[in-house]
2 protein chains.
Amino acid sequence: MRPGPRRSLTHAEILEAAFDLLEAKGFAAVSVRGVAGSLGITPTALYTYYPSKRALLRGMIEHLLARLEVSAAEGDKPVEVAGASTVDGVRARLVHVALALRELLTGHAGALELIMSGPLDGPNAMRLNEALLESFTASGLALDDAARAAHALQAYALGSIALESAEVDVEADAATSEPPLMTDVPGAALWTDLARFPLSEQSAAVAAQRSSTAQFVWGVERLLDGLLARG
Amino acid sequence: MRPGPRRSLTHAEILEAAFDLLEAKGFAAVSVRGVAGSLGITPTALYTYYPSKRALLRGMIEHLLARLEVSAAEGDKPVEVAGASTVDGVRARLVHVALALRELLTGHAGALELIMSGPLDGPNAMRLNEALLESFTASGLALDDAARAAHALQAYALGSIALESAEVDVEADAATSEPPLMTDVPGAALWTDLARFPLSEQSAAVAAQRSSTAQFVWGVERLLDGLLARG
DNA sequence: ACCTGAACACCGTTCAAGT
DNA sequence: ACCTGAACACCGTTCAAGT
């Protein structure tokens, strides 16, 4: 179509190859050499498109967040309660955005490491932030408080997802069964001494369900309780 | 003192060297080769003490969390309000623990990456969890809810610290002034088009203060509002 | 039992050279 | 203008060999 492309690759093609690698072999496989290799070019040729690996990762984060559903699409969750339908709808939208972020990051292997690998300051991260600000101001918060609330909700969501994925990792390790690691670190001898932590032991059943969507939403709801409280 | 040490090093000495490296040169410098080199031994000798780099990092996490002040030390914050002094004291303790965790992780360069590099399931992580469970049950929550609340608070704290440190990174990068990265990624042309995000622009002043302790505590307080709410 | 040296299969990045 | 090849200074991990 074009008179003749100066470059053999588009950024979109490079990012696609990078995500294929991420999905297939995990975050560690997304190396400059690996991405270049899967595109049939030399590692140094990739530096023509991105000035550093960090820049490549930033491009990937943007590409990922572009798929985040953030707008106030109707029919998400019809409000059935009579009365303050607007506020309830806004609240449902906030929960929806948090859940969408969680699904985006738990759906792609290595996506969390990607997000955590750099600051969230690209246009799509700002789109997310703007959507949260809209929702919080729409539910009656002053702009300053809305900004703090948006930040708090993002912090909870990212931290929650990070804790989840760390626990998934340990389940995967359980198969290889690492040795108990009895070291001379203070307290390390008690590694499996659950009796020292009676409440943790008793609540083990709940702890086992931490990776569930319900747990995530429960936390979002409690945070929103605090953030949206008035009078 | 001892009849004759079989090993030339203790785990404590190795961890100390590893933390010196972490503090001095950041997380990337904490390599098997780097730690071994700073101890005057060969990389392979380190595998006598830790079976993998991952095991070394787990040891470091435990070492770090051992320094976390988690107990109900008196005089932290004398309750001045008459009335429900116990509950207020418990709440103050929760804020205190969250702040202590934040100071621990922002105080040591690379400590967050360390924490995020694996699951939080060592004895000192359990000590933290147990302390949170005690506080939440003491303020009237059922054990199930207390477990969920403890998890939510840890999620918020870790996520908040992660967002902070990512922003610190970008400030450091501002000096080297990376090019604006005009790519053909959808939306990337709007990278600096703040006008598209009016609320984000207006609240930029608040956003600039995100790395403050006050912002962190505000979020903890709002979360606790939701978690501790009754009737 | 502890440690070394050599090796394997990787990294991100730079730079002179080709077309 | 785009790309290659060689090189630099690194990784984590394994394994035979020494003491």
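Chain letters run A, B, ... following the sequence lines, proteins first and then strands; every chain starts at 1.
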Practice prompt. Please state how far atom CD1 in B:Ile41 lies from atom P in C:dT4, giving the value in whole angstrom units.
Written response: 7 Å
Worksheet item: Any side-chain heavy-atom pair from B:Leu65 and B:Leu104 closer than 4.5 angstrom?
Response: yes
Worksheet item: Hey, is B:Arg102 close enough to B:Glu164 for a salt bridge, meaning N to O under 4.0 Å?
Response: yes
Identify each atom pair where a protein N or O and an N or O of nucleotides 11-17 of chain D are less than 3.5 Å apart, giving names and distance.
from   : atom 1 : to      : atom 2 : distance (Å)
D:dC11 : OP1    : B:Ser31 : OG     : 3.0
D:dC11 : N4     : B:Arg33 : NH2    : 3.4
D:dG12 : OP1    : B:Val32 : N      : 3.3
D:dG12 : OP1    : B:Lys53 : NZ     : 2.9
D:dG12 : OP2    : B:Val32 : N      : 3.0
D:dG12 : N7     : B:Arg33 : NH1    : 2.4
D:dG12 : O6     : B:Arg33 : NH1    : 3.3
D:dG12 : O6     : B:Arg33 : NH2    : 3.3
D:dT13 : OP2    : B:Tyr47 : OH     : 2.8
D:dT13 : OP2    : B:Lys53 : N      : 2.8
D:dT13 : O5'    : B:Tyr47 : OH     : 3.2

Worksheet item: Any sub-3.5 Å donor-acceptor pair from B:Tyr156's side-chain atoms to A:Gly219's backbone N or O?
Response: no
Item to complete: Provide the distance between the two P atoms, one in C:dA9 and one in D:dC10, to the nearest whole Å.
Response: 22 Å
Worksheet item: Which residues satisfy the ring-ring contact (aromatic ring centres under 6.0 Å, His included) test with A:Phe136, sequence neighbours excluded?
Response: none
Fill in: Under 4.0 angstrom between B:Tyr49 side-chain N/O and C:dC2 OP1 or OP2
no
Discussion item. Check this for me: does any side-chain nitrogen of one of B:Glu134 and B:Arg93 sit under 4.0 Å from a carboxylate oxygen of the other?
Written reply: yes
Worksheet item: Is there a side-chain contact between B:Ile14 and B:Tyr50 (heavy atoms, below 4.5 Å)?
Response: yes
Worksheet item: How many Å lie between CG on B:Leu39 and C1' on C:dC2, as a whole number?
Response: 15 Å
Discussion item. In whole Å, I'd like the distance from the OH atom of A:Tyr50 to the C1' atom of D:dC3.
Written reply: 18 Å
Worksheet entry | Watson-Crick and G-U pairing of DNA chain D, under 3.5 Å, as dot-bracket with | and [ ] | ||.|||||...|||||.||
Worksheet entry | A:Arg148 with B:Glu221: basic N within carboxylate O range, under 4.0 Å | no
Worksheet item: In terms of side-chain heavy atoms, does A:Arg58 have a donor or acceptor partner in A:Ser117 at a distance below 3.5 Å?
Response: no
